[in-house]
Amino acid sequence: MTAVNDIITQINDAVWGYVLVGALVACGLWFTWKTRGVQFRMIGEMLRLLTDSATTGTDGLKDANEQHRHISSFQAFAVSVATRVGTGNLAGVATAIAVGGPGAVFWMWVIALIGSATAFVESTLAQLFKQRHKDSFIGGPAYYIQRGLHQRWMAVLFAVLITLQFGLSNNSIQANTICGAMQEAFGVPPMLMGGLLAALALFIVFGGIHRIANVSAVLVPVMAVGYVVLALVVIVMNITAIPHVLKVIVLDAFGITQVAGGAIGATIMIGVKRGLFSNEAGEGSAPNVAATATVSHPVKQGLIQALGVFTDTLLVCSCTAFIILISGLYNVPELNGIMLTQSALQSEVGAAGPVFVAVAIFLFAFSSIIGNYYYGEANIRFITIHRSPSVVRSTLTVYRLLSGGVMVLFGAAASFELVWNIVDFFMAFLTACNLVAIMMLGKYAFRLLDDYRQQKRRGIKEPTFHRSQLPEIAHDLDCWE
């Protein structure tokens, strides 16, 4: 296993260090410019859409088909945040600081600020090219690659990569973190915890997207609010230390003072990697859930998903970073991942700290496990769309057992370094595939955004879209009659 881990590490360093970091930043800047800073200018509209969809359930659509089991914008947002808010926010941030130094936090912020425009584009495209499914809508990058670019091979490649990344390898990292936290806080053996996790995950994933959406809509607000409140308490208790913490972050980000990490290049790379793992902007994952929402205009879900990036990185990740930096434990070589977060919180609030983190990471990571599973299911359905129903059912059954069972148990048994390296490996190629697609299809998202803004300027509270507004691709759109 050590030799395999070393090989994967070398590949990851080459791909991330020379290609992907620059591509992510370039795409984020391009989309920010073309949308005229949609992630900043329309944040008020994002909040309005989220609160409206949370109360109406169908984003205010009065003529919605009652026989169709709708996924609301809020539910789609909750599922996507469920996969974002997980180990990346607690263990991932700690790893970034331990390996890249405090400056890695600054680059996580940067990739979130510009990456939210990328998230807007990919989720708007997912809504535009979504298709009808038996009890909901279905879509994502595989669908907009096939319908928008007419490249079936590329669409299948993406579908395979995202299934390997989220449905399988990503679930191992969630399980690894949960088991580590539970062992640290309560002394629970990793394999026992892994078995319990697998049983719970299998129960939920066999229930489909509606059970996943309902569970996530409850878990996500509770866990996020609880964690943020505790972090704010710690920050208020140490308010005089915040200016120093911010100074350390900024100075270390530009190599002016390297407190814990190496060169500035390593700081940037680890910050971007852990930022992408956490907020997923550009990775092509959130669009799979964004496509399931029932909305009157594709831009609505694009805006809501852009807000999800801010929620994840600027809010939850920052809370973890401040706790760790306030504690001063990021210089201790023996501490990394979830143990660093637990130790930092223990130094601030006492023995209850590791227990709280263990419970929080269980909720965070478990909701990620069930959300990640759906990404794989949606793409397996895409690959097997022309197969018989019996083939589809058997394929999904095998996948559910692998995703909710086998990979959860593998994560419980594998080393911390191995599971993170595997995730980084698949994440790199998955993101590259999606970035190529959205750069080629982004023009449609820009036109949809212009249309949405024009309708808002005319006083239309709930803008609508009809596929005839894009006549050159109307025949490729399954919805939007």
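Within a 6.0 Å sphere centred on CE of Met440, heavy atoms belonging to other residues, nucleotides or ligands number 12 at most. For CZ of Arg387, the number of neighbouring non-hydrogen atoms (other residues, nucleotides, ligands) closer than 6.0 Å is 12 at most.
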Is there a side chain to side chain contact (heavy atoms under 4.5 Å, CB included) between Ile111 and Leu24 once you walk through the steps?
CA-CA 8 Å; Ile111 203 64; Leu24 278 167; 4.0 Å; yes
Pair Leu128, Ile473 - check side chain to side chain contact (heavy atoms under 4.5 Å, CB included), show working.
CA-CA 10 Å; Leu128 178 64; Ile473 59 169; 4.1 Å; yes
Assess the residue pair Val316 and Thr313 against the criterion (side chain to side chain contact (heavy atoms under 4.5 Å, CB included)); give the C-alpha distance rounded to whole Å, side-chain angles, the decisive distance to 0.1 Å, and a yes or no.
CA-CA 6 Å; Val316 185; Thr313 306; over 6 Å; no
Give the intermediate values and the outcome of side chain to side chain contact (heavy atoms under 4.5 Å, CB included) for residues Leu448 and Tyr452.
CA-CA 6 Å; Leu448 288 169; Tyr452 189 89; over 6 Å; no
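Contact check for Leu314 versus Phe310: side-chain heavy atoms found under the 4.5 Å cut-off. Side-chain atoms of Glu122 and Leu125, non-hydrogen and from C-beta on, never get closer than 4.5 Å to each other. In this structure, Gln146 and Phe129 have side chains that are not in contact, with every pair of non-hydrogen atoms separated by 4.5 Å or more. Side-chain contact check for Asn170 versus Gln174: some heavy-atom pair is nearer than 4.5 Å. In this structure the side chain of Phe158 never reaches within 4.5 angstrom of the side chain of Val436, judged on heavy atoms. Using a 4.5 Å heavy-atom threshold, the side chains of Gln183 and Met193 count as separate. Looking at Val38 and Val299, their side chains never come closer than 4.5 Å, going by heavy atoms from C-beta outward. At a threshold of 4.5 Å between non-hydrogen side-chain atoms, the residues Ile323 and Thr341 do not count as touching.
For the pair Ser403 (side chain) and Gly167 (backbone), a donor-acceptor distance under 3.5 Å is present. In terms of modelled atom types and a separation under 3.5 Å, the side chain of Asp478 and the main chain of Arg132 share a donor-acceptor contact. The main-chain N or O of Ala293 is found under 3.5 Å from a side-chain atom of Gln127 such that the two form a donor-acceptor pair. Put simply, the side chain of Arg467 gets close to the backbone of Leu477: a donor and an acceptor are under 3.5 Å apart. With Ser394 contributing its side chain and Val391 its backbone, the two residues share a donor-acceptor pair below 3.5 Å. Side chain of Gln301 to main chain of Pro298: no donor-acceptor pair is present (N/O by atom type, distance under 3.5 Å, no hydrogens or angles). Judged by distance alone, the side chain of Ser169 and the main-chain N or O of Leu164 form a donor-acceptor pair under 3.5 Å. Formation of a donor-acceptor pair under 3.5 Å by the Ser116 side chain with backbone atoms of Leu113 is found in this model.
Separation of the Phe382 and Tyr143 ring centroids falls under the 6.0 Å cut-off.
Judged as a side-chain contact (heavy atoms from CB on, under 4.5 Å), and not counting sequence neighbours, the contacts of Thr163 are Asn379, Ile380, Tyr399.
The aromatic rings of Trp480 and Phe465 sit perpendicular to each other, their planes meeting at more than 60°, with 30° as the lower class boundary.
A distance of 12.0 Å separates CD1 of Ile178 from CD1 of Ile173, quoted to the nearest 0.5 Å. Taken from CG in Leu303 to OG1 in Thr124, the straight-line distance is 6.5 Å, to the nearest 0.5 Å. Atoms OG and CZ, on Ser172 and Phe410 in that order, are 6.0 Å from each other to the nearest 0.5 Å. Between the CD atom in Gln165 and the CG atom in Asp424 there is a gap of 8.5 Å [rounded to 0.5 Å]. Taking CD of Gln39 as the reference point, atom CG of Leu307 lies at 12.0 Å (rounded to 0.5 Å).
The pair Lys443-Glu472 fails the salt-bridge criterion, with no side-chain N (NZ, NE, NH1 or NH2) lying under 4.0 Å from an Asp/Glu carboxylate O.
Of all the heavy atoms in Ala112 and Val309, the pair that sits closest is O-CG1, 3.6 Å. Between Gly194 and Cys179, the shortest heavy-atom contact is N-SG, 3.7 Å. Of all non-hydrogen atoms in Ser318 and Trp109, the two that sit nearest each other are OG-NE1, 2.8 Å. Leu149 and Met154 make their closest contact through CD1-SD, 4.4 Å (heavy atoms, listed as atom of the first residue, atom of the second, distance). For the residue pair Thr118 and Ala281, the shortest heavy atom distance occurs at CG2-C, 4.5 Å. Val408 and Ala198 make their closest contact through CG1-N, 3.8 Å (heavy atoms, listed as atom of the first residue, atom of the second, distance).
Judged purely by distance below 3.5 Å, without hydrogens or angles, the side chains of Asn434 and Tyr144 pair a donor atom with an acceptor atom.
Applying side chain to side chain contact (heavy atoms under 4.5 Å, CB included) to Thr292 and the options Thr294, Val289, Asn288 leaves one that passes, Val289.
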